[in-house]
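Note that the coordinates shown come from a computational prediction; the quantities given were computed from them, not determined experimentally. Starting from 1, each residue takes its place in the sequence as its number.
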Amino acid sequence: MRRSEHRQQDLDAVTGSAVPMAPAADPQDPAALTAPVPAQRGSRPTEAGRAYGPESLVHVPVPQVAGRYPASADQAPGSADEAESVLDAASFETELAARESAALETRYRAAADAGDAGSASQLGALLLRRGDLDEAEPYLRKAAAAGLRAAANNLGVLLHQRGHRAEAGGWWRQAAVAGSAPAAHALGLHLRDQGDEESAEYWLHFAAEQGHPLGAYALGDLMEHRRDVRAERWFKTAADAGHREAAYRLARMREAAGDKESAETWYRTAAVRSHARAALRLGVLVEERGARDEAARWYRQAAQNGEPRAACALGFLLRDSGDLPSAAEWWQEAAEAGDGNAANALGALHAGRGEDGAAERWYRAALEAGDHNGAFNLGLLCASAGRQAQAEQWYRRAAYAGHREACNALAVILLQRGDESGAEPWFSRAAEAGSVDGAFNLGILHANRGEQQQAQEWYARAAAEGHGEAALQLAVVKEQRGDLAAAMERYRQAATGGSAEGAFRLASLLDRRGDVPEEAEHWYAIAADAGHSRAQVRMGVRAAERGALEIAESWYRRAAETGSRSAAFNLGLLLARQEREAEAMLWYTRAADAGHGRAALRLALLALRRGEPVQAENWCRRATDYGPPEVAERAARLLDALRPELSA
């Protein structure tokens, strides 16, 4: 451990908080304490402290022991006896340091009691550091009265710890007027906490100009609170001096200004000093630019330093890389630390496995952590289990908390049970809050009432956010009005947004235009792969035209098995050409039973060929009923031809 780190640990023992190292001690008193550190707005306790306390105290160096005591002849290297020797050496160092500290205190006390103000200041500092306020106070008062500014500063520290804030401020002012930057820093924070920001700025500026990093940080904090652009300068001054919270705050300012490159630099500066939130933000930035391995390292560092959001982010990174067990471990760590997002992730993980009980527990944990996604997810869980009344309750709870998708889900439930007047306000709240589904559903609501202009406005809002079905509705209207160019643009938007119908209609327009057959087939294929039966039939027809009969059969069969009568008829024709008559008859029958006129007429002809006039008559009548007109006309002629045979 470096000497500076030993010193920092000594400070922590007194103040309860780690702070950056201060400048060299006041030359007026080599045992000077630096200024106390009041709580800073927006900073972590470990950065600026929760209470006034000395930033540094006189350090009693610990003698370094060269090597370790030699092992006896029967001690093997690395043995338990050797470990005991190392422990003995450490104990010796501790005891020696205690003896030297006691001897130093004795010398200071003798000189102070003999009237030496400098020794009184040194002794007061040692006692204050040890927490012996009653004994430290008279020595510090004696030295401060003699004009030692370091003693005045430290007396302010002591009095502030005792709750005598007004008197503490007086001693800090005396030391600051005498030129003490640490006292000016403490006085500035004291005045700020009293609401005297103008005077606070003066003294913090005094401390900062003398190179006091905590003064520069506090000045930047005060200016940022007042939206003063000069805040950035002082955060940078403090950050350059090693203040990690200042580097973090500077990075946040640079990121807010859109300068991600500079922000990353300052986040890195703070993160390498173990600033957990800086490591988290650095992880986010490097992940955004694709450096996932580096992002994982920073997330892990932040998580290990107690930042649950980083543990949650690391979980998502691991999940995306396929390591779900490790992701779950980090989510659980974050969730148990109160991260609602991680609790929701665990809930979704269990819900995906069908473990509804565990999912519900984690969703409730998320809600208890203040994350209203937990209530929404509980609604989804209940809805999937058919518990609609409970789903509505959870949706309503999340909706009243402002969850936009819960507003939309609640409106859907109300609409499904016929409560249109109750649904509309929730659709409106969802849409106004930015829910694209809410905007689309509001468009449908207006369209069903015949309010086409309002419907188009909401469709346009949803389409602008990438809602494919909303773009489809806009495209249909454009096509109906004959504006094919605008319709094609909207169909393309719908297809890109995931609408299978949009992809099919785009392909149909391109097909009719005839100049880009490859693009038309591309969009037919997109729609067909998404399960669009008419697109599957088109793909089958195109494959058959090319002679790719196996591919054609595959597309026809996929569409026919989902209920497409045209696909069933085409599949029957294809099978008949391959002399698979029995199987062809099955698909003709399925198509005819679904109302396909041509299939019924084909079955009538086949029945007549087999010498089954009654069956032929039955299919002819059905073909006449189904149509289209030309099929009905042919079926009627065939029926007329059958009558003599049927009456014979």
**OP:** Applying side chain to side chain contact (heavy atoms under 4.5 Å, CB included), run through Arg637 and Glu633 and close with a yes or a no.
**Re:** CA-CA 6 Å; Arg637 290 201 303 267; Glu633 183 181 351; 3.2 Å; yes

**OP:** Before giving the answer on side chain to side chain contact (heavy atoms under 4.5 Å, CB included), spell out for Glu479 and Arg505 the whole-Å C-alpha distance, their side-chain angles and the decisive distance to 0.1 Å.
**Re:** CA-CA 10 Å; Glu479 186 175 8; Arg505 287 175 177 258; 3.9 Å; yes

**OP:** List the steps, then state whether salt bridge (Lys or Arg N to Asp or Glu O under 4.0 Å) holds for Arg577 with Glu553.
**Re:** CA-CA 12 Å; Arg577 290 195 197 108; Glu553 180 181 340; over 6 Å; no

Subject >> Trace of the side-chain hydrogen bond (donor to acceptor under 3.5 Å, both in side chains) decision for Gln390 with Trp394 >> reply: CA-CA 6 Å; Gln390 289 177 282; Trp394 287 116; over 6 Å; no

**OP:** Using the salt bridge (Lys or Arg N to Asp or Glu O under 4.0 Å) rule, take Arg621 and Glu617 through it: C-alpha gap first, then chi angles, then the decisive distance, then the call.
**Re:** CA-CA 6 Å; Arg621 293 188 185 282; Glu617 179 190 21; 2.9 Å; yes

Subject >> Steps toward salt bridge (Lys or Arg N to Asp or Glu O under 4.0 Å) verdict (Arg580, Glu583) >> reply: CA-CA 6 Å; Arg580 295 156 65 183; Glu583 192 177 356; 3.2 Å; yes

**OP:** Would you sort out whether Glu307 and Tyr299 count as a side-chain hydrogen bond (donor to acceptor under 3.5 Å, both in side chains), showing the intermediate values?
**Re:** CA-CA 9 Å; Glu307 177 52 74; Tyr299 287 149; over 6 Å; no

**OP:** Start with the C-alpha distance between Arg289 and Glu294, add both sets of side-chain angles, then the distance that settles side chain to side chain contact (heavy atoms under 4.5 Å, CB included), and finish with yes or no.
**Re:** CA-CA 11 Å; Arg289 58 179 174 78; Glu294 184 184 359; 3.9 Å; yes

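Here the side chains of Tyr267 and Tyr248 are in contact, with some heavy-atom distance below 4.5 Å. Proximity of Gln480 to Val476: side-chain heavy atoms (C-beta onward) are separated by under 4.5 Å at one or more points. A 4.5 Å side-chain heavy-atom check between Tyr491 and Leu509 finds at least one atom pair inside the cut-off. Side-chain atoms of Leu378 and Gln393, non-hydrogen and from C-beta on, never get closer than 4.5 Å to each other. At a threshold of 4.5 Å between non-hydrogen side-chain atoms, the residues Leu415 and Glu424 do not count as touching. When side chains are defined from C-beta on, His596 does not count as touching Arg602, because their heavy atoms never get closer than 4.5 Å. With contacts defined as side-chain heavy-atom distances shorter than 4.5 Å, the pair Glu329/Asp323 does not qualify. No side-chain heavy atom of Arg558 sits under 4.5 Å from any side-chain heavy atom of Ser564.
More than 12 non-hydrogen atoms from other residues, nucleotides or ligands lie less than 6.0 angstrom from CD of Gln454. Within a 6.0 Å sphere centred on CG of Asn448, heavy atoms belonging to other residues, nucleotides or ligands number more than 12. Glu261 CD: 12 or fewer foreign heavy atoms inside a 6.0 Å radius. Environment of CZ in Arg481: sparse, with no more than 12 heavy atoms of neighbouring residues, nucleotides or ligands closer than 6.0 Å. Within 6.0 Å of atom CG in Leu573, more than 12 heavy atoms from other residues, nucleotides or ligands are found, so the atom counts as buried in its surroundings. Counted within 6.0 Å of CZ on Arg281, heavy atoms from surrounding residues, nucleotides or ligands total more than 12; the atom is thus considered enclosed. Under a cut-off of 6.0 angstrom, the local environment of CZ in Arg610 is crowded, with over 12 non-hydrogen atoms contributed by other residues, nucleotides or ligands. Under a cut-off of 6.0 angstrom, the local environment of CZ in Arg397 is sparse, with at most 12 non-hydrogen atoms contributed by other residues, nucleotides or ligands.
Look at Lys260 and Glu288 and you find a salt bridge, because one of the NZ, NE, NH1 or NH2 atoms lies within 4.0 Å of a carboxylate O, short of that distance. A salt bridge links Glu432 with Arg461: the closest approach of a Lys/Arg side-chain nitrogen to an acidic carboxylate oxygen falls below 4.0 angstrom. The pair Glu521-Arg546 meets the salt-bridge criterion, since a charged nitrogen lies less than 4.0 angstrom from a carboxylate oxygen. Salt bridge Asp640/Arg643: present, at least one basic N to carboxylate O contact under 4.0 Å. The pair Glu360-Arg364 counts as a salt bridge, with a side-chain nitrogen and a carboxylate oxygen less than 4.0 angstrom apart. With respect to the salt-bridge test (charged N to carboxylate O, under 4.0 angstrom), the residues Glu392 and Arg417 qualify. For Asp515 and Arg513, the salt-bridge test passes: some basic side-chain N is under 4.0 Å from an acidic carboxylate O.
Taking the six-membered ring where tryptophan is involved, the planes of Tyr395 and Phe376 are tilted, since the angle between them lies from 30° to 60°. The aromatic rings of Phe504 and Tyr524 lie tilted to each other, with the angle between the two planes from 30° to 60°.
Of the inter-residue distances, the one linking Arg429 atom CZ with Ser435 atom OG reads 12.5 Å to the nearest 0.5 angstrom. Distance check, rounded to the nearest 0.5 Å: CG of Asp356 to CZ of Arg361 gives 11.0 Å. Remark: Cys620 SG to Leu605 CG distance equals 7.0 Å, nearest 0.5 Å. Note that CG of Leu445 is 4.5 Å distant from CD of Glu420, once rounded to the nearest 0.5 Å. Here the CG atom belonging to Leu474 is positioned 11.0 Å from the CD atom belonging to Glu489, to the nearest 0.5 angstrom. Here SG of Cys312 is found 9.0 Å from CG of Asn344. Values are rounded to the nearest 0.5 Å.
Glu469 and Gln473 form no side-chain donor-acceptor contact under 3.5 Å, judged by distance and modelled atom types alone. Side chains of Asp339 and Asn341: no donor on one and acceptor on the other come within 3.5 Å.
Here the closest heavy-atom approach between residue Leu282 and residue Glu264 is recorded as CD1-CG, 3.4 Å. Across all their heavy atoms, Ala507 and Ala520 have their closest contact at CB-O, 3.3 Å. Closest approach of Trp362 to Ala343, counting heavy atoms only: CB-O, 3.4 Å. Nearest heavy-atom pair, Val436 versus Ala462, reported as atom, atom and distance to 0.1 Å: O-CB, 3.6 Å. Residues His446 and Ala455 approach most closely at CB-N, 3.7 Å, considering heavy atoms. The minimum heavy-atom distance between Leu601 and Leu638, with the atom names listed, is CD1-CD2, 4.2 Å.
For Trp331 and Phe316, the gap between ring centers is short of 6.0 Å. Aromatic pair Tyr588/Trp619: centroids not less than 6.0 angstrom apart.
Formation of a donor-acceptor pair under 3.5 Å by the Tyr363 side chain with backbone atoms of Ala348 is found in this model. Listed for the Ser262 side chain is no donor-acceptor partner under 3.5 Å among the backbone atoms of Asp259. A donor-acceptor contact shorter than 3.5 Å is absent between the side chain of Arg300 and the backbone of Leu314. Remark: side-chain polar atoms of Glu255 are not paired, donor with acceptor, to backbone N or O of Ala263 under 3.5 angstrom. In this structure a side-chain-to-backbone donor-acceptor pair under 3.5 Å is missing from Arg319 to Leu324. Using modelled atom types, one side-chain atom of Gln301 and one backbone atom of Ala271 make a donor-acceptor pair closer than 3.5 Å.
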